[in-house]
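Below is one structure, written out as structure tokens, with a few remarks after it.
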Amino acid sequence: MTLGVLSPDLKSSLSGSRFFDRCSMVEQQPPPPLRSYLCLTIFACFCPAYPINIVALVFSIMSRNNYYLGDYDGSRLLGRNALYTATASIIIGLLVIAIVCAVHLAREHI
């Protein structure tokens with residue numbers, strides 16, 4: 001009994017799955033990179049602008065969820081919103097810190 005060489009004409013794989021068929025393999029583009037800015041939003045949570053921090057964190061988590069569900073455009077949009085709100089939160093937090101320090105130093109000298 002001799003074993004024949006597998007010909008490229010076979011339509012299904014040995015396991016019977018249609019994913020490995022030569023005819024059905026279509027070159028797919030890889031998904032775009034995930035840009036949810038989760039690390040930035042977590043860092044922004046340490047700034048004293050709490051309502052905006054939480055909104056940025058929610059946008060970031062929603063962006064990750066949409067990415068893993070396959071909605072890449074929605075993920076990109078929510079990631080951009082997370083970036084903008086986290087940046088605004090950091091700027092507002094730094095302004096609050098600067099104002100508190102200025103008021104504290106002004107009261108010491110009076």
Side-chain angles (χ1 to χ4, degrees):
M1 179 173 181
T2 61
L3 295 175
V5 177
L6 293 177
S7 67
D9 299 348
L10 291 176
K11 296 290 182 186
S12 62
S13 66
L14 296 176
S15 66
S17 67
R18 299 193 56 80
F19 180 72
F20 294 109
D21 292 346
R22 287 182 184 250
C23 297
S24 67
M25 293 198 94
V26 177
E27 191 163 328
Q28 297 177 358
Q29 295 179 353
L34 173 63
R35 291 193 178 111
S36 66
Y37 302 103
L38 185 63
C39 294
L40 179 68
T41 57
I42 290 173
F43 174 73
C45 286
F46 292 106
C47 291
Y50 295 113
I52 301 171
N53 296 344
I54 303 302
V55 171
L57 186 62
V58 168
F59 276 143
S60 177
I61 292 171
M62 287 172 54
S63 172
R64 292 177 69 85
N65 288 340
N66 281 357
Y67 182 83
Y68 292 127
L69 290 175
D71 182 14
Y72 302 123
D73 291 332
S75 173
R76 185 174 46 85
L77 178 68
L78 288 168
R80 190 179 312 135
N81 287 344
L83 173 67
Y84 293 155
T85 53
T87 305
S89 171
I90 291 171
I91 291 171
I92 291 170
L94 291 175
L95 286 174
V96 166
I97 291 171
I99 291 170
V100 167
C101 288
V103 168
H104 179 70
L105 291 175
R107 285 193 178 191
E108 283 184 1
H109 293 299
I110 294 179

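Residue indices begin at 1 and follow the sequence shown. These numbers come from a predicted model, not from an experiment.
When side chains are defined from C-beta on, I92 does not count as touching C47, because their heavy atoms never get closer than 4.5 Å. Looking at heavy atoms from C-beta onward, I61 lies out of side-chain contact with R64 at the 4.5 angstrom threshold. In this structure, the side chains of T85 and F59 come closer than 4.5 Å at one or more pairs of heavy atoms. Using a 4.5 Å heavy-atom cutoff, the side chains of C45 and T41 are not in contact. The shortest distance between side-chain heavy atoms of V55 and N81 does not fall below 4.5 Å. Using a 4.5 Å heavy-atom cutoff, the side chains of Y68 and L34 are in contact. Side-chain atoms of L78 and Y67, non-hydrogen and from C-beta on, never get closer than 4.5 Å to each other.
One hydrophobic cluster holds both L83 and F43 under the rule that ILVMFWY side chains link at heavy-atom gaps under 4.5 Å. Residues I90 and I52 fall into different hydrophobic clusters, defined by Ile, Leu, Val, Met, Phe, Trp and Tyr side chains chained together at heavy-atom separations under 4.5 Å. With hydrophobic clusters built from ILVMFWY side chains whose heavy atoms lie under 4.5 angstrom apart, I54 does not share a cluster with I42.
Scanning both residues, A86 and A44, for their nearest heavy atoms gives O-CB, 4.0 Å. Smallest separation of non-hydrogen atoms from R35 and S63: O-OG, 4.0 Å.
The closest donor-acceptor contact from the side chain of S75 to the backbone of D71 lies at 3.5 Å or more, if one exists at all. The main-chain N or O of A82 is never found under 3.5 Å from a side-chain atom of S60 such that the two would form a donor-acceptor pair.
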